[in-house]
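Input: a single structure, listed below in structure tokens.
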Amino acid sequence: MINSSGFALDKKGTTKVGFLLLDHFTMIALASSIEPLRMANQLSAEELYSWNLISEDGKPVTASDGLTLTPDLSMDEAASFDIIIVAGGVDITRSFSAKQVSWLTRQSRKNVILGGVCTGAYVLAHAGLLNGYQCSVHWECLTALQEAFPKVSCNNKLFSIDKNRLTSSGGSAPMDMFLNMMTRQHGVKLSNAISDMFICDRIRNESDQQRMPARQFNQMGICTPKLVDVIELMENNLEEPIELDELADFVNVSRRQIERMFHRHLDCSPSRYYLRLRLERARKLLKQSNMSIVEISMACGFISTPHFSRCYRKHIGVSPRDERKTAWKPWSTESVAFAESTALVYIPYAQDALSQSHTEPSYGSVAV
């Protein structure tokens, strides 16, 4: 249960919010955070909120889509804020510096409310600022954060408001987090009015979950509820896989029924699907963590490292060792070089964003 009893902001005056932009932050998460603040001021005809963009050195920061924003302040210039939000994005494990971590730690000592959107919570966790707190982060980063920072209470929720910490997954989820915060500060009438202005059918709350694959199957009518239950049991028990007979007992169906459901809806056997989940988790850990291959094989429920390597090579196409090597290649700058060699000032945003995405650690965790 999320403990929000310690969360408090003054209802009077202006709440000052600072957004620390990390390299490759996601624009949609930042916009979903700022727009509710803007609309709150517009609808109330008061300056309920102010906001500033902050970077480490005051220089422009490039988002994951290749667009560049010029911040208002450097960290050294940033004075007094009520809330500091870390705006994260892709390649989070390589997108922050020791100076940024130290600055966030100093903000914590000043009792500033700290938060993260998209993958920003990873940086707070790295700084030890989420130990003992409920934490929400984009689901693609969840595995790496759980393994790297076991003292953080990670969850699969859209957002978490726990005492003086605000953490949110990506996309439009930050809007729901800020609207819930506004409800506590200024009442439900204002937050509902903002939701209406943004054509949101409802304000999601702290109990809403991120749309993980198993839930997507059910919502799209691809799976039956019983099959979703089995898949969720598998997802929650990757380190110590559950035997098929036990899974059947848990969901109160026969082993044969489970096998038929998997073949009918997912065109594979339960054991093959379970193996795929464990290998997907292993791939994220190889790309996003510093865990050894031995540790990863154990964390993903394999009986030995050679067995893990054989399964990985057979189903993924490369060995775990080669997967790790390719995960840390520097991204190509061919398109930038091309732009500099031409007479026109041209920034191929889409080309650069695609080129970079192929080498960032989470690339390829979802296939379409």
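Scope of the values below: all heavy atoms of this structure, side chains included, with no hydrogens, waters or symmetry mates. It should be emphasised that the depicted structure is a prediction, and the values quoted were computed from it without experimental measurement.
- When atom types are taken as modelled, the side chain of Asn41 and the backbone of Glu47 share no donor-acceptor pair closer than 3.5 angstrom.
- Side-chain atoms of Asn164 and Tyr133, non-hydrogen and from C-beta on, do get closer than 4.5 Å to each other.
- Looking at Thr183, its side chain never comes within 3.5 Å of a backbone N or O of Val188 through a donor-acceptor pair.
- Counting heavy atoms from C-beta on, the side chains of Leu233 and Asp229 never come closer than 4.5 Å.
- A donor-acceptor distance shorter than 3.5 angstrom exists from the side chain of Gln210 to the backbone of Val137, with no hydrogens or angles considered.
- Looking at Asn52, its side chain never comes within 3.5 Å of a backbone N or O of Gly18 through a donor-acceptor pair.
- Summarising the geometry of Ala121 relative to Thr167, their closest heavy-atom pair is CB-CG2, 4.0 Å, with the distance given to 0.1 Å.
- Heavy-atom minimum distance, Pro270 versus Met234: O-CE, 3.6 Å.
- Around atom CE of Met298, no more than 12 heavy atoms belonging to other residues, nucleotides or ligands sit under 6.0 Å away.
- Note that the CD atom of Gln209 and the CG atom of Leu158 stand 8.0 Å from one another [nearest 0.5 Å].
- Residue Arg260 places its CZ atom among more than 12 non-hydrogen atoms of other residues, nucleotides or ligands, all under 6.0 Å distant.
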Inset, instruction - Test side-chain contact (heavy atoms from CB on, under 4.5 Å) on Leu130 and Leu145 and set out the steps. - result: CA-CA 11 Å; Leu130 288 178; Leu145 199 152; 5.5 Å; no
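- Using a 4.5 Å heavy-atom cutoff, the side chains of Lys325 and Ser319 are not in contact.
- One finds no salt bridge joining Asp176 and Lys157 here, because no Lys/Arg side-chain nitrogen approaches an Asp/Glu carboxylate oxygen to under 4.0 Å.
- Summarising the geometry of Val117 relative to Ala87, their closest heavy-atom pair is CG2-CA, 3.8 Å, with the distance given to 0.1 Å.
- Between the CG atom in Leu238 and the CG atom in Leu279 there is a gap of 10.5 Å [rounded to 0.5 Å].
- Sparse packing is recorded around CZ of Arg321, with 12 or fewer heavy atoms of other residues, nucleotides or ligands lying under 6.0 Å away.
- His186 has its ring centre less than 6.0 Å from the ring centre of Tyr49.
- Of the residues Thr15, Leu73, Leu114, Val17, the one that meets the side chain to side chain contact (heavy atoms under 4.5 Å, CB included) test with Phe81 is Leu73.
- When hydrophobic clusters are built by joining Ile, Leu, Val, Met, Phe, Trp and Tyr residues whose side-chain heavy atoms come closer than 4.5 Å, directly or via intermediates, Val294 is not grouped with Leu285.
- Taking all atoms of both residues into account, the shortest heavy-atom contact from Leu142 to Cys154 is CD1-CB, 3.7 Å.
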Legend entry - Residue pair Met27, Leu69: steps toward the side-chain contact (heavy atoms from CB on, under 4.5 Å) verdict: CA-CA 10 Å; Met27 194 74 76; Leu69 293 187; 4.0 Å; yes
Which pairs of donor and acceptor atoms, one on a side chain in residues 306-316, lie under 3.5 Å apart (sequence neighbours left out)?
{"unit_1": "Ser309", "atom_1": "OG", "unit_2": "Thr305", "atom_2": "O", "d": "3.2"}
{"unit_1": "Tyr312", "atom_1": "OH", "unit_2": "Glu323", "atom_2": "OE2", "d": "2.7"}

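- Side chains of Ser269 and His263 form a contact here, defined as non-hydrogen atoms less than 4.5 Å apart.
- A donor-acceptor pair is defined here as one N or O able to donate and one able to accept, closer than 3.5 Å; such a pair exists between the side chain of Ser289 and the backbone of Met291.
- The closest side-chain heavy-atom distance from Leu22 to Gln100 is below 4.5 Å.
- Residue Glu77 holds its CD atom at 11.0 Å from CE of Met75, rounded to the nearest 0.5 Å.
- Going from atom CH2 of Trp51 over to atom CG of Asp72 covers 11.0 Å, rounded to the nearest 0.5 Å.
- Under the side chain to side chain contact (heavy atoms under 4.5 Å, CB included) criterion, Ala127 pairs with Val101, Thr105, Leu129, not counting sequence neighbours.
- Considering only heavy atoms from C-beta on, Asn156 stays 4.5 Å or farther from Glu235 through its side chain.
- Within the 4.5 Å cutoff, the side chain of Leu48 has no heavy atoms near those of the Gln185 side chain.
- Under the 3.5 Å distance criterion, with hydrogens and angles disregarded, a donor-acceptor pair is assigned to the side chains of Ser207 and Asn205.
- We find that Glu280 and Arg283 are not joined by a salt bridge, their nearest charged nitrogen and carboxylate oxygen being 4.0 Å or further apart.
- When atom types are taken as modelled, the side chain of Thr26 and the backbone of Ile28 share no donor-acceptor pair closer than 3.5 angstrom.
- Here CD1 of Ile203 is found 11.5 Å from CG of Asp208. Values are rounded to the nearest 0.5 Å.
- Distance alone, capped at 3.5 Å, places no donor-acceptor pair between the Ser55 side chain and the Leu21 backbone.
- With Ser33 contributing its side chain and Pro174 its backbone, the two residues share no donor-acceptor pair below 3.5 Å.
- Here Asp91 pairs with Arg94 in a salt bridge; the nearest charged N to carboxylate O distance falls below 4.0 Å.
- Heavy-atom contacts from other residues, nucleotides or ligands closer than 6.0 Å to CG of Asn252 number 12 or fewer.
- The six-membered or imidazole ring of Tyr122 lies near that of Phe149, with a centre-to-centre distance under 6.0 Å.
- No donor-acceptor distance shorter than 3.5 angstrom exists from the side chain of Asp201 to the backbone of Ser195, with no hydrogens or angles considered.
- Annotation for Lys226: atom NZ counts as buried by contact number, over 12 foreign heavy atoms lying within 6.0 Å.
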Inset, instruction - Apply side-chain contact (heavy atoms from CB on, under 4.5 Å) to Thr62 and Asp23, showing your working. - result: CA-CA 6 Å; Thr62 303; Asp23 288 338; over 6 Å; no
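- Asp196 contributes atom CG, which lies 10.0 Å from atom OG of Ser191 (distance to the nearest 0.5 angstrom).
- The side chain to side chain contact (heavy atoms under 4.5 Å, CB included) check on Asp249 picks up nothing, with sequence neighbours excluded.
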Inset, instruction - Carefully, step by step, assess Asn155 and Ser136 under the rule side chain to side chain donor-acceptor pair (under 3.5 Å). - result: CA-CA 6 Å; Asn155 60 55; Ser136 299; 2.8 Å; yes
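- Under the 4.5 Å side-chain criterion, counting only non-hydrogen atoms from C-beta, Asp57 is not in contact with Lys99.
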Inset, instruction - Give the intermediate values and the outcome of side-chain contact (heavy atoms from CB on, under 4.5 Å) for residues Leu227 and Tyr273. - result: CA-CA 12 Å; Leu227 182 52; Tyr273 188 87; over 6 Å; no
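- Taking each heavy atom of Leu124 and Val86 in turn, the nearest pair found is CD2-CG2, 4.1 Å.
- Although no hydrogens or angles enter the test, the distance criterion places a donor-acceptor pair under 3.5 Å between the side chain of Tyr274 and the main chain of Ile242.
- When all heavy atoms are compared, the tightest approach of Ala78 to Ile54 is CB-CD1, 4.1 Å.
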